[in-house]
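Along the sequence shown, residues carry numbers from 1.
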Amino acid sequence: MPIRSADDSNMQQFSTSGLDASGPAPAVSQLKITSAAAALSAAQTEIWLAQSLAPDSPIYTLAQRATLPGDIDATRFEQAVQAAVDETDALHVRFVSDETGPLQILGVPPQWSLEGERSVALPPADIDRIIDEALRQPLPLTGGALCRVFLFRRQDGAWEYCQLFHHIAMDGLSCVLFATRVAEHHANLVRDGQPAPRRFEAFGSLLVADRGYRSSKRAEEDRRYWREALAGLDNGLEGQGAKASYAAVLQTARLCRDQTARLKAIASSAGTTLPSLFCAVAKVLSTIQKDSDDTVIGFVVAARPDGSSRSIPGAVSNIIALRSSVPKELRWSELISSTGRQVKRGLRHQRARLEDVRRDLGLFGQGDQLTSVVVNYTPFYGPICLGSSTVRLRNMGNGPVDDFAIIVYHHPDDDEILIDFKANDSRRNASDVAQFRRQFDALLAALVADPDTPVGAASFLGPGERERILTGWNDTSNDLPDATLPDLFAAAVHRAGSDVAIVAGDVKLSYRDIDRQSNRMARALIALGAGPETRVAVAMRRSERLVVALLAILKTGAAYLPLDLDSPRDRLALVLADADPIAIVACQDDRATIEVLAGTELLGERIVILDD
């Protein structure tokens with residue numbers, strides 16, 4: 001049956017009857033046409049595509065936790081969560097696909113239930129384990145609910161709350177809106193016995209606004225702005241091939257009342273705000289990370305054009321790209337001020353999706369990065385009233401990270417600032433994050449001490465690090481074993497012969513494999529005269545065979561002479577003539593080149609060819 005467009009909002013009509021909420025995404029042709037469906041927004045489309053490439057990854061799960069007072073009624077609280085789910089249209093979505101791509105059916109009630117042990121108090125470790133397991137499981141795009149909600153009774157008498165959402169349905173602001181709404185419904189249920197009146201507007205209005213923007217002249221103007229702002233950046237792009245990850249590597253810092261007040265005063269004196277100050281620090285960190293004067297940082301923005309859209313849960317947030325050029329002689333106050341002006345200009349064009357900007361720059365793969373550091377300043381993680389107490393959400397997951405992320409939590413009423421440092425765990429480890437955090441601390445300390453000092457004057461080495469680098473790493477007086485490299489390798493073969501020693505693409509060689517292959521080659525080289533006081537040239541590129549060849553030469557007692565095949569031919573010929581090797585080891589692909597270089601003296605059997 002053909003799909004009929006219902007109106008200008010790109011809505012289409014489907015029946016939700018018979019839909020299995022836990023089954024696979026049905027084709028459009030399987031659905032009856034009676035209820036609303038719509039194309040995905042720009043933000044949703046990117047998430048859909050990325051999640052489809054990695055369906056088993058939890059990379060797009062957003063999560064928050066909070067400790068609740070022990071006197072709340074669990075039954076009323078469950079009713080409050082249900083009321084919040086009922087009015088959050090973004091969770092009432094079922095995704096389908098046809099030959100044109102994905103669609104979302106609106107108005108499909110999610111099949112969810114409040115999870116967690118509430119009859120028996122659990123120790124903190126058990127609660128942490130259950131939540132950690134939930135975070136490692138992706139929320140399904142094509143079956144089941146786009147959210148999970150937990151409530152646990154804690155051993156200390158309090159409650160532990162946790163909410164998980166798929167990023168295709170909710171962004172960070174939406175998660176806080178949801179939790180705040182749960183608290184409001186709970187207050188109404190306690191007071192009046194019923195949930196509060198509906199407050200969230202229809203999710204469809206966000207989709208209508210997105211469609212209108214994408215087809216507008218303003219959208220093209222915004223993309224043109226970013227193309228021009230980032231023009232000529234090709235040499236500065238990351239492109240290191242690592243996909244975004246869930247950011248398992250984490251460190252947290254807290255800035256005290258005095259530090260926070262000082263930073264606010266510095267930002268105000270520079271004519272800007274705290275978010276721009278943290279972006280200025282991130283610019284310097286990006287310059288350090290890439291060792292380049294022309295880098296790009298990311299700044300997370302709401303991308304909601306008006307006040308009404310800021311109170312509708314949905315996936316809308318975006319990242320704007322801030323180009324960074326930080327001369328070392330530039331003063332902190334000047335950097336913060338100029339960054340503030342740059343952020344203000346960028347916010348005028350914040351609805352242009354970063355994914356579109358990346359495409360305009362020719363970055364198509366997940367490993368082609370534009371930003372090395374992303375700043376996420378979240379002013380909405382404030383206190384939430386729940387009964388006679390106030391609670392705070394603790395962020396557990398923000399979605400994917402390309403390299404490093406700085407997540408700043410600071411509600412306008414707060415005296416302190418909490419900062420999470422996160423990193424892509426496929427590129428970075430705990431020591432990388434620790435070093436990144438130390439660099440951040442050093443920069444912030446220099447900034448707070450005197451905003452009029454040059455950026456390049458900051459010292460990144462603490463006393464312990466300076467001692468380690470200048471003294472510890474230069475203390476090379478270590479006892480060496482009285483054995484040759486072949487002897488040490490023979491011991492490794494005896495100790496762990498079947499263990500994998502080399503992985504090169506699809507090739508895996510154990511210690512015993514390398515030993516056998518190198519022995520065969522050593523015997524062939526010895527037959528050609530290789531031995532002590534002789535030299536064997538090696539004209540090979542990096543591969544597992546190069547390792548075998550080097551070990552074989554050492555086993556003969558000869559010295560090996562590495563040849564760089566990318567060097568000029570005249571230089572290679574000079575090296576060969578001067579060294580006068582007894583033989584040359586090469587691969588078949590380079591045989592013709594080696595024969596020309598070697599001359600008649602080494603033709604024939606003295607050029608040892610390693611076949612694939």
Side-chain angles (χ1 to χ4, degrees), residues 50 59-60 62 167 172 230 233 236-255 274-301 317-326 335 339 343 346 354 357-358 363 365-378 395-410 417-447 455 458 460-461 465:
I59 192 171
Y60 285 104
L62 308 186
H167 198 5
L230 301 171
L233 193 67
L237 299 179
E238 285 286 313
Q240 296 188 19
K243 296 181 180 179
S245 84
Y246 193 72
V249 186
L250 168 69
Q251 282 207 1
T252 298
R254 184 181 297 276
L255 304 184
L274 279 176
S276 297
L277 182 148
F278 282 107
C279 285
V281 177
K283 284 183 175 183
V284 182
L285 284 168
S286 179
T287 300
I288 296 169
Q289 291 298 318
K290 293 190 60 181
D291 192 21
S292 170
D293 292 330
D294 191 9
T295 64
V296 177
I297 69 164
F299 180 50
V300 178
V301 294
S317 63
N318 191 23
I319 297 176
I320 61 174
L322 303 177
R323 193 168 186 173
S324 169
S325 178
V326 186
L335 175 61
T339 301
V343 169
L354 180 66
V357 174
R358 292 176 72 254
L363 301 175
Q366 289 189 30
D368 292 331
Q369 289 181 216
L370 176 58
T371 61
S372 59
V373 179
V374 172
V375 176
N376 188 356
Y377 188 91
T378 59
N395 188 42
M396 304 297 295
N398 281 89
V401 172
D402 283 333
D403 197 356
F404 286 107
I406 303 171
I407 306 167
V408 183
Y409 307 94
H410 181 247
I417 295 175
L418 188 69
I419 304 174
D420 281 345
F421 301 92
K422 295 190 175 184
N424 182 329
D425 63 358
S426 65
R427 297 187 61 183
R428 307 292 183 178
N429 56 33
S431 62
D432 293 329
V433 180
Q435 181 183 20
F436 184 79
R437 191 261 178 87
R438 286 194 299 271
Q439 292 171 340
F440 176 90
D441 291 343
L443 292 175
L444 211 62
L447 165 61
V455 171
F460 298 106
L461 297 179
E465 289 179 297

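For N424 (side chain) and D402 (main-chain N/O), a donor-acceptor pair under 3.5 Å exists by modelled atom type. T287 places a side-chain N or O within donor-acceptor distance of the main-chain N or O of K283, the cut-off being under 3.5 Å. In terms of modelled atom types and a separation under 3.5 Å, the side chain of D403 and the main chain of T371 share no donor-acceptor contact.
Nearest heavy atom pair, residue V296 against residue L370, reads CB-O, 3.4 Å. Across L230 and A321, no two heavy atoms sit closer than the pair CD1-CB, 4.0 Å. Closest of all the heavy-atom pairs between A423 and V433 is CB-CG2, 3.5 Å. The two residues G172 and L62 come nearest to each other via the heavy atoms N-CD1, 4.0 Å. Minimum interatomic distance between Q251 and R437 (heavy atoms only, all atoms of both residues): OE1-NH1, 3.4 Å. Contact record, S286 with I297: CB-CG2, 3.7 Å, taken as the closest heavy-atom pair.
Under the ring pair (Phe, Tyr, Trp, His ring centres under 6.0 Å) criterion, F436 pairs with F404, not counting sequence neighbours. With sequence neighbours excluded, no residue satisfies side chain to side chain contact (heavy atoms under 4.5 Å, CB included) with A445. Among residues two or more places apart in sequence or in another chain, the side chain to side chain donor-acceptor pair (under 3.5 Å) test is passed with H167 by none. In terms of the side chain to side chain donor-acceptor pair (under 3.5 Å) criterion, S324 has no residue partners (sequence neighbours excluded). In this view, F278 satisfies the ring pair (Phe, Tyr, Trp, His ring centres under 6.0 Å) rule with no residue, not counting sequence neighbours. Remark: N395 pairs with Y381, N398, Y409 by the side chain to side chain donor-acceptor pair (under 3.5 Å) rule, at least two apart or across chains.
Taking CG of L418 as the start and NE2 of H410 as the end, the distance is 11.0 Å to the nearest 0.5 Å. Going from atom CG of N376 over to atom CZ of F299 covers 8.5 Å, rounded to the nearest 0.5 Å.
Looking at heavy atoms from C-beta onward, V281 lies in side-chain contact with L444 at the 4.5 angstrom threshold. Side-chain contact between L322 and C279 is present, with at least one heavy-atom pair separated by less than 4.5 Å. Two residues are said to be in side-chain contact when any heavy atoms from C-beta on lie closer than 4.5 Å; I406 and L285 meet this criterion.
In summary, the side chains of T339 and S276 do not present any donor paired with an acceptor at a separation below 3.5 Å, with no hydrogens or angles considered.
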